[in-house]
Amino acid sequence: MPKRAMDGLTESMFYVLMAFCSGPMCGIDAAEYIEEHSHGRMKIGPATLYTILAKFEKEGYIREIEVDGRKRTYEITGKGAKAYEEELCRLRACLADAQNAREVSR
């Protein structure tokens, strides 16, 4: 069965929602947050970032709260926070499965 567009989050999408969980920000602030909090492992380019922001706004995961020239500030919605928490639970379950598999194979 094919997945719907927002059934799961890519790593980039996960980090974008993680950034907005810390508070309202613009895209540039989100990109800096992601690079800092992934210890430089995840760098998100403008094309990827703005594609995700547009998709998240359309899906109701974030909403625009301020426009200052070209700078747009967004905040996460309840729907976006729920999607983030669900993905966090899914990732924790994946890690637990991997740990359990490792312990069983020893």
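Only this structure's heavy atoms are used, side chains among them; waters, hydrogens and symmetry mates stay out. Computed from a prediction, not measured in an experiment: that's the story for all the values here.
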I would like to know whether Tyr15 and Leu9 meet side chain to side chain contact (heavy atoms under 4.5 Å, CB included); could you show each step before the answer?
CA-CA 9 Å; Tyr15 273 98; Leu9 299 176; over 6 Å; no
Can you classify the ring geometry of Tyr61 versus Phe56 as parallel (below 30°), tilted (30 to 60°) or perpendicular (above 60°)?
tilted
Please determine whether a side-chain nitrogen of the Lys or Arg among Glu11 and Arg41 lies less than 4.0 Å from a carboxylate oxygen of the Asp or Glu.
yes
I'd like to know if the side chain of [X] and the backbone of [Y] have a donor-acceptor N/O pair within less than 3.5 Å.
X	Y	answer
Thr77	Gly60	yes
Asn100	Ala96	yes
Ser22	Ala19	yes
Ser38	Ile34	yes

Grab the two heavy atoms, one from [X] and one from [Y], that are nearest each other, plus how far apart they are.
X	Y	value
Ala31	Leu49	CB-CD2, 4.2 Å
Leu17	Ala83	CD1-CB, 4.3 Å
Glu64	Val67	OE2-CG2, 3.2 Å

What's the spacing between Cys94 SG and Arg92 CZ if we round to 0.5 Å?
12.5 Å
NE2 of His37 to CD of Glu32, rounded to nearest 0.5 Å, is 12.0 Å
Could you please spell out the steps behind the side chain to side chain contact (heavy atoms under 4.5 Å, CB included) verdict for Tyr84 and Met18?
CA-CA 7 Å; Tyr84 174 77; Met18 185 172 85; 3.5 Å; yes
Would Glu75 and Arg63 count as a side chain to side chain contact (heavy atoms under 4.5 Å, CB included) here? Give the steps.
CA-CA 6 Å; Glu75 69 180 0; Arg63 70 176 145 253; 2.8 Å; yes
Does CG in Leu91 sit with more than 12 non-hydrogen atoms of other residues, nucleotides or ligands closer than 6.0 Å?
yes
Heavy-atom count around Arg102 CZ within 6.0 Å, excluding the residue itself: above 12?
no
I'd like to know whether Lys55 forms a side chain to side chain contact (heavy atoms under 4.5 Å, CB included) with Leu53, so could you lay out the CA-CA distance, the side-chain angles of the two residues, the decisive distance to 0.1 Å, and finally the verdict.
CA-CA 5 Å; Lys55 181 180 280 191; Leu53 292 178; over 6 Å; no
Take Glu86 and Arg90 through the test salt bridge (Lys or Arg N to Asp or Glu O under 4.0 Å) and record every step on the way to the result.
CA-CA 6 Å; Glu86 287 173 353; Arg90 188 191 72 78; over 6 Å; no
Decide yes or no on side chain to side chain donor-acceptor pair (under 3.5 Å) for Arg72 and Tyr50, but give the supporting numbers first.
CA-CA 11 Å; Arg72 299 179 182 285; Tyr50 290 104; over 6 Å; no
